[in-house]
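Below is one structure, written out as structure tokens, with a few remarks after it.
All chains are named by letter (A, B, ...) in the order of the sequence lines, taking the proteins before the strands, and each is independently numbered beginning at 1. Every heavy atom of this structure was used, including side-chain atoms; hydrogens, water molecules and symmetry mates were not. Computed from a predicted structure; not experimentally measured.
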Amino acid sequence: MKIEVKICMGTACYVMGGADLTTLADYLTPHQAECVDIKGIPCVDSCFDSKNKKPPFVLVGDVMISEANVNKVREEISRQIEELSL
Amino acid sequence: MNNAKQIRRDLISRVARLLEDRTLVEKIDRLPLEMRPRNQKAIRCCCHKERAVLKYRTMALLGFNTSDETDELTPLSVYAKKAEERTKEQYTPVQLTVVDEACSSCVKNNYIVSNLCRACVARPCMYACKKDAITVTDKAFIDQDKCVSCGLCKEACPFHAIIYQPIPCEESCPVGAIKRNENGIEYIDDSKCIYCGKCMVACPFGAIMEKSFLVEIINSIKEGKKVVAMVAPALAGQFQVDMGKMITAIKELGFSDVIEVAKGANETTEHEAKEFLERMEEGAPFMTTSCCPAWVNLVNKHMPEMKPFVSETPSPMVYTARYVKANMPDAITVFVSPCVGKRSEVYRTPEVDYVVSFEELGSWFMARNIDVMKCESAELDTTINSDGRRFAYTNGVMQSVKNYVEHPEEIKDIVISGLDKATIRTLKGYVKSCPGNFVEVMSCAGGCVNGCDVIANPRVATRQVDNFAKSMEEGK
């Protein structure tokens with residue numbers, strides 16, 4: 001089983017930092033890389049949902065990360081790897 | 001991405017939204033308050049400081065320099081009104097402004113004693129200092145008023161206890177144009193500034209802003225004028241979509257037409273190649289490219305001896321604008337730009353009316369909720385030779401000229417990718433003796449894909465531009 005990492009490629013997410021996440025795979029350990037399936041997805045519309053949550057949004061499994069950056073996403077990935085003992 | 005950039009993009013998008021709604025003058029004064037409500041935790045000292053910083057950042061977005069302020073009480077709405085009534089004659093050539101409110105006046109001097117200091121008996125730092133600036137009690141102490149940042153104390157300390165703390169903007173400036181005033185606040189000496197934009201990228205406080213044309217551009221569109229976007233080749237790598245979708249997205253903003261500057265790049269190639277061959281025939285030792293405005297500014301302001309060797313061929317932007325003006329004389333031309341350097345070129349180019357940066361474009365899409373990924377693909381100009389599209393990255397101009405000339409083996413190429421103090425020294429040396437005969441100079445390492453206003457990772461963007469260029473070649 002692989003953890004799905006979905007990076008929102010909507011314009012707001014992309015402009016506010018999502019562009020940096022296009023190289024996410026380069027920052028993962030070989031084991032982490034094996035455990036995840038990274039893909040870009042069209043706008044998740046989270047940007048209109050909440051006042052307090054800001055783009056860019058990334059979905060790791062079913063955990064939504066706001067103001068995402070490489071570090072935050074990587075941390076969540078390793079947390080889930082541990083939880084699922086992959 | 002970093003926090004300073006995020007704030008800037010958020011701000012650009014909010015200003016664009018007000019312009020789109022035609023409520024700029026009415027609502028602009030509220031903008032800093034909306035962005036920094038009273039109960040929110042501040043990054044700087046407090047929300048009031050942050051609001052003040054936002055005010056001056058907004059001024060730049062309205063097309064003013066911080067120094068244009070004569071009375072601190074003048075609200076943003078007054079500037080907004082002025083901006084809406086502004087005519088082209090009122091522009092000033094200064095394109096970068098230091099938001100003094102945001103400048104943290106980092107350090108007065110570059111040398112700092114760290115806690116590694118052992119207050120040793122020998123005290124070599126004290127003896128090394130020629131200005132009598134160091135005293136030692138339980139630790140060495142540098143008198144900031146006496147220190148001249150010479151660094152002798154650092155060299156002398158056997159414990160490496162004295163550190164050099166750089167000032168990011170000054171360190172990044174290749175020509176020493178940004179300096180501290182008597183209060184430690186940075187200012188840009190316009191007689192030296194080459195508009196490379198490196199200080200803007202380097203400043204961790206986001207204190208340096210470029211002057212924007214957003215008001216003019218959005219208002220022209222809203223007034224129903226014919227506004228044409230001329231997109232720099234580097235745009236092809238900025239969003240994770242193909243150029244066709246990009247063009248549709250830009251048209252959705254209200255531009256009546258979108259033209260690839262790669263078209264003008266083809267003309268630049270042709271003329272540059274001819275100019276090169278002519279010059280070689282006349283016995284010139286070498287010629288340099290002239291597409292990069294920061295490089296041209298560098299020659300004009302700091303290297304007059306280089307001037308005879310710089311190509312006089314106009315840049316792709318100029319050729320493209322001439323084409324637009326010839327075919328649509330009533331059109332307003334807007335260059336979609338990766339950098340601030342082009343703003344300085346536009347100031348001396350009557351054919352180009354305004355500039356919008358990649359960053360501004362992206363933020364404007366945000367303001368309008370235009371999702372570039374969901375746009376339909378527009379038809380592309382198949383008459384463009386894809387070599388012009390490769391102007392976006394380093395070696396692109398060189399390769400394009402090589403592909404054009406009959407005997408490419410006669411070109412002994414030198415490619416300068418990124419201007420800094422070292423490459424400037426090297427370039428100065430070429431005036432006396434140049435190991436090649438054709439020199440391509442790009443101010444940003446890697447070329448325009450790494451400009452100061454780009455959104456995408458330069459490595460990803462380079463690949464994408466190249467794929468686009470290839471796909472268009474294969475399509476033919």
Side-chain angles (χ1 to χ4, degrees), chain A residues 4-30 32-33 36-60 63-78, chain B residues 1-14 16-17 34-35 37 39-41 43 235 237-242 245-246 248-250 252-253 357-375 449-450 453-464:
Chain A
E4 280 205 319
V5 178
K6 294 177 186 164
I7 302 169
C8 176
M9 283 289 139
T11 303
C13 283
Y14 186 76
V15 172
M16 292 306 271
D20 285 4
L21 296 165
T22 51
T23 54
L24 175 67
D26 301 351
Y27 298 96
L28 300 179
T29 64
Q32 283 172 333
V36 296
D37 187 15
I38 304 172
K39 57 181 176 187
I41 53 163
C43 180
V44 292
D45 286 337
S46 288
C47 27
F48 308 112
D49 270 4
S50 158
K51 270 192 175 163
N52 304 320
K53 293 207 172 130
K54 287 186 193 157
F57 293 98
V58 174
L59 204 57
V60 182
V63 177
M64 177 73 85
I65 301 173
S66 62
E67 290 179 73
N69 55 38
V70 169
N71 280 337
K72 272 186 168 177
V73 175
R74 205 166 40 181
E75 259 170 48
E76 182 58 28
I77 290 172
S78 58
Chain B
M1 179 47 72
N2 61 47
N3 216 351
K5 258 193 218 170
Q6 265 174 344
I7 296 170
R8 192 169 66 216
R9 290 180 189 175
D10 187 13
L11 190 63
I12 297 170
S13 127
R14 285 168 192 258
R17 205 170 297 145
E34 273 166 14
M35 281 181 77
N39 46 14
Q40 194 187 305
K41 202 169 173 281
I43 297 172
L235 185 72
Q238 289 306 301
F239 291 82
Q240 300 265 292
V241 295
D242 60 58
K245 288 189 176 188
M246 209 58 241
T248 307
I250 295 173
E252 264 187 51
L253 291 172
S357 71
F358 290 173
E359 185 180 55
E360 287 171 339
L361 186 76
S363 308
W364 187 3
F365 286 145
M366 252 163 73
R368 283 277 309 271
N369 291 330
I370 294 172
D371 195 344
V372 288
M373 271 196 129
K374 289 176 186 161
C375 287
V449 286
N450 192 23
D453 290 327
V454 300
I455 297 173
N457 173 302
R459 202 158 37 89
V460 176
T462 304
R463 205 166 47 219
Q464 207 175 315

Sequence neighbours excluded and cut-off under 3.5 Å, please list the side-chain donor-acceptor pairs for residues 6-17 of chain A, or say none.
unit_1 : atom_1 : unit_2 : atom_2 : d
A/T11  : OG1    : B/I370 : O      : 2.9
A/T11  : OG1    : B/V372 : N      : 3.1
A/Y14  : OH     : B/Q238 : O      : 2.5

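Minimum heavy-atom separation, B/A456 to A/A19: CA-CB, 4.1 Å.
By the 4.5 Å heavy-atom criterion applied to side chains, A/N69 and B/M1 are not counted as neighbours. The shortest side-chain heavy-atom distance between A/D20 and B/N457 does not fall under the 4.5 Å cut-off.
Of the inter-residue distances, the one linking B/Q240 atom CD with A/T22 atom OG1 reads 5.5 Å to the nearest 0.5 angstrom.
No part of B/F358 comes within reach of chain A, as not one of its non-hydrogen atoms sits under 4.5 angstrom from that chain. Of the atoms belonging to B/N2, not a single heavy atom falls under 4.5 Å from chain A.
Residues passing the salt bridge (Lys or Arg N to Asp or Glu O under 4.0 Å) test with B/D371 are B/K374, sequence neighbours excluded.
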